[in-house]
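Shown next, in structure tokens, is the structure this report addresses.
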Amino acid sequence: MKDFKANLNKLFYPDSIAVVGTNKVVGTVPHDILRNILDADFNGVVYPVSPKERFVAGIKAYRYVTDIPDPVDLAILVFPSSVIHLALEQCGQIGIKAVIIISAGFKEVGGDGIEREKKVKEIADKYGMSIIGPNCLGVINTDARSKINASFARRMPEEGSIGFLSQSGALCTAVLDYAYAKHIGFSKFISFGNKADVTEIDLLYYLKDDPKTKVILMYLEEVTDGPGLMKAAQAVIKAGKPVLILKSGRTSEGASAAASHTGSMAGSDDVCDAAFRQARIIRCQDIDEMFNIAIAFAYQPIPKSKKIAIITNAGGPGVLTTDAAIHDGLELAKFSEETTAVLKKNLPKTANINNPVDVIGDARADRYNVALSAAFKDPDVDGVFVILTPQSMTEIDLIAREVAKVSHHYRKPVYTSFMGEADVAQGIDVLQRNKIPHYTLPESMCRAFATVYQFGIEQKEQPKKVKIFEDVDDKIVAEIINDVKSSGKQYLTEDLSDKVLKAYGLPVVRADVASSPEEAVKIAETIGYPVVMKVVSNEIIHKSEAGGVILNISSADDVKTSYKTILKNAGIYDPNAQIKGILIEQMIPEGEEVILGLKRDNSFGPVIMFGLGGIYVEVFKDVSFRVAPLNVTDVEHMIAETKSSAILQGIRGKKPRDMEKLIECILRLSQLAVNHPDIKELDINPLIVREKGLGAFVADARIML
Amino acid sequence: MEKHEVQEKVKKVVANVLKLDPDEVVDDANFIFDLGADSMQSLELVAAFEEEFDIEMDEDKALAIQTVSDAVTFIASYL
């Protein structure tokens, strides 16, 4: 049995490390890994293992890991892939539980590499080892208790509270370089490569409990276990740590081959987007955005409200910041009389003492000090944005120090944007060293603040449980699916689709066939007026043309008369037609047309779609997605995400639609999706949503297996 | 050539190229894992075998050989 947590503790906090396959050739991975461990001042013992060398970097080397006389906690394997299994087997034999395989030449190269990776996993499972990699950059732990740079990165990053996980090793080195320039520190830095054994999910759970990590960033190329990733991220977020993911591969491959509206619109990236939103993972578009948000989480408290004060020495940037703030849903705080009095007394007459505060272009550090202190003290202010443009008299460094000094006394977040490049560089460096978030553009600053604020709001929401409907009939659904499957068909006919939906309590239009006027009346009265009557005959395809359809029938007398009329019309239209009866159908009332859908995604499993229905559904693409099972909050969010939600709330004098019933329909569909994985795709298009309190009706549906 | 002659010659070549004591070159020794051959030395080994036995080997197949005994069998197939 593998104890992931204990193994990962050995990996991040080992007392001893063996570098297996190292050599003396400077500039090669096997050598530089050992060098990096030594240079990072690792708090433990290091054992070079090399078949040929008797010492490496002045340290006695062992021929085999099994020759090491003392216990080894962590082995780092740097041999070529063809012999990794031999080294790993020896590690297992002497009880090493944590291993990093740096070497490439596994799954990523295909062919024999796939077999080699399988072998690695088999050995890991046999000995209960946890393995990071293969094909990775390695692992860094900046915690002073351990201090490991078990990677071939060029440098050890600063200590910090950001945990970074990456599927790409090369991106790691770029990120380390980027972060170094901005004084961004990390708690743990992990390149997990091919994730043959330890996955990003295991690492998320580990970092959830890591006291040194406040925020987790991840670069992902593929999601192999979508539900597992969502669950792990939710657990981390529940523990108060935000999860930011940069996921590459935004193309919607595979969507074109889909057979349903839902299938064609639910591209893999749309689903990934929706799943991340559902799990409250913050999806970032690029590295800049990721770190812009990460430093806000890492350096500053979560704001209590979205009311901010802007302090600027330039009017234009102040307006730009205000625009961006309002665009991102933030509000400008309304200063108290006391605040405006302080500002009025201490700032020049030309200054703007209202929010945004303009301390005027010739402002030195003292004016920023006054404005900052006043803003922080104001009870309506829950965040301060400091804007600076470099004039000839602007004390850039001093102002940066003032921001750091003053903000230190308050538990309110401060964000900065020193606009420019060369002249402001030194001031920015001061801010970054003092862990004050700095943004090149005010727009990025506002977006970061809004993201952090939203995270704080969502943290307070109580997650709702998934409602299970007990009145569904799984037996009928399973029987229908089995029958259709055994007949070799992939589509359910209209009546079978209706039966499946009906078994799940979805409001299918009620209908039955009558063979006499009296029976017709009985059926109509069971269904409820008004009804539609249609001739049932294989010979009469165009029923309306034949006078075989009568709409809006509201009484028993009209049913009897209509029955006779339809029979007469049909006889005239085709005297040879065989009439099987008259279909009595519930008249579909007026309402808004929406679409509900279901699709199976390779990474995330059952995906539910909601959106504007009708024949133009693929033109307007006003749809949203969530991964089943859904709770009420998920459904409310997915409805609110679409433009159609405004229509459903009632616009231009129309009454609001039956949202309660709509939500129930989506929840029932979610349960159907989870309980019957044989259903590959499903469209309910349209679902007619009537006025509030009057329900909804499935007007048409398709189910594909 | 008898198999034991091939074996002796292979071990001699390996010891020379990898600069090892001939006693270390045992039958089941793995060129990389036990004898510490790097990628350059693997190429040198193939060239040295070809010269020693006056043969021309399929390079991809030759480089895939992992142990001394496998090298003996492989070379013998060319003789």
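Letters go in sequence order (proteins before strands), and every chain restarts at 1. Computation of the quantities below employed the complete heavy-atom set of this structure, encompassing side-chain atoms and omitting hydrogens, waters and symmetry-equivalent molecules.
Ring centroid separation for the pair B:F33 and A:Y64 comes in under the 6.0 Å cut-off. For A:F12 and A:Y206, the ring centers are positioned less than 6.0 Å apart.
In this structure, no portion of A:S50 lies under 4.5 Å from any heavy atom of chain B. With a 4.5 Å cut-off on non-hydrogen atoms, B:D34 touches chain A through its backbone and its side chain both. Using a 4.5 Å cut-off between heavy atoms, B:L18 touches chain A through its backbone atoms (N, CA, C, O) alone.
Of the options A:S168, A:S248, A:S166, a side-chain hydrogen bond (donor to acceptor under 3.5 Å, both in side chains) to A:Y219 is made by A:S248 and by none of the others.
Using cut-offs of 30° and 60° on the angle between ring planes, the pair A:F189 and A:F186 is perpendicular.
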